[in-house]
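Okay, so here's the structure we're looking at.
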Amino acid sequence: HPGFTATNLPAIGPQIRGRALLKRVSTRVAAVAGQSAEQGALPALYAATAADVQPGDFIGPGRYGGIRGGPARVRAHAKAYAEDVARALWERSEELTGVRYDELR
């Protein structure tokens, strides 16, 4: 995961809800506290290319509680490891997209 990055993403929710002040605050907080988009891309690049990454590894920023820093193995939220939740998400995704991957089951 990219951590907290200084992109337009933190402001999208308030923008959609028409909350102009919250959008401005979110944009400022992201600019000050967020890491660059380039830094945020590093965990995904590392996960996709590093030879030492194993199936099931979760790669994200390694500092400040997982919101900033270079790529590191980190622990995902407990629900990310719940097989019943993963199965339900997979099935719902197939239903919504009309795409099935029976060979992966």
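Note that the numbering runs from 1 along the sequence shown for the chain. All figures in this text were calculated on a predicted structure; none of them were measured in a lab.
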Examine F4 and V25 and state if one hydrophobic cluster contains both, with Ile, Leu, Val, Met, Phe, Trp and Tyr joined whenever side-chain heavy atoms are less than 4.5 Å apart. yes
State the CD1-CZ distance between I59 and R73, to the nearest 0.5 angstrom. 5.0 Å
Test your reading of the model: is there a side-chain donor-acceptor pair from Q35 to the backbone of G69, 3.5 Å cut-off? yes
Any sub-3.5 Å donor-acceptor pair from R68's side-chain atoms to A33's backbone N or O? yes
ring-ring contact (aromatic ring centres under 6.0 Å, His included): which pairs involve residues 30-60, sequence neighbours left out? H1-F58
Quickly, which of I12, N8, T7 forms a side-chain contact (heavy atoms from CB on, under 4.5 Å) with P10? Name it, please. T7
Determine whether D84 and K79 satisfy the following criterion, salt bridge (charged side-chain N to carboxylate O under 4.0 Å, His left out), listing intermediate values before the conclusion. CA-CA 9 Å; D84 59 328; K79 286 184 180 181; over 6 Å; no
4.5 Å side-chain heavy-atom contact, P61 and P71: no
Stepwise side chain to side chain contact (heavy atoms under 4.5 Å, CB included) check, L45 with E38: CA-CA 10 Å; L45 292 172; E38 293 81 6; over 6 Å; no
So does Y81 have more than 12 non-hydrogen atoms from other groups sitting under 6.0 Å from OH? yes
Rounded to the nearest 0.5 angstrom, the OG1-CG distance for T5 and L42 is 11.5 Å
Can you give each donor-acceptor pair under 3.5 Å made by side-chain atoms of residues 13-24, sequence neighbours left out, with the distance rounded to 0.1 Å?
{"unit_1": "R17", "atom_1": "NH1", "unit_2": "G13", "atom_2": "O", "d": "3.2"}

Would you confirm whether E94, through its side chain, and L89, through its main-chain N or O, come within 3.5 Å as a donor-acceptor pair? no
Count the heavy atoms belonging to other residues, nucleotides or ligands that lie under 6.0 Å from CD of E95, then report whether that count exceeds 12. yes
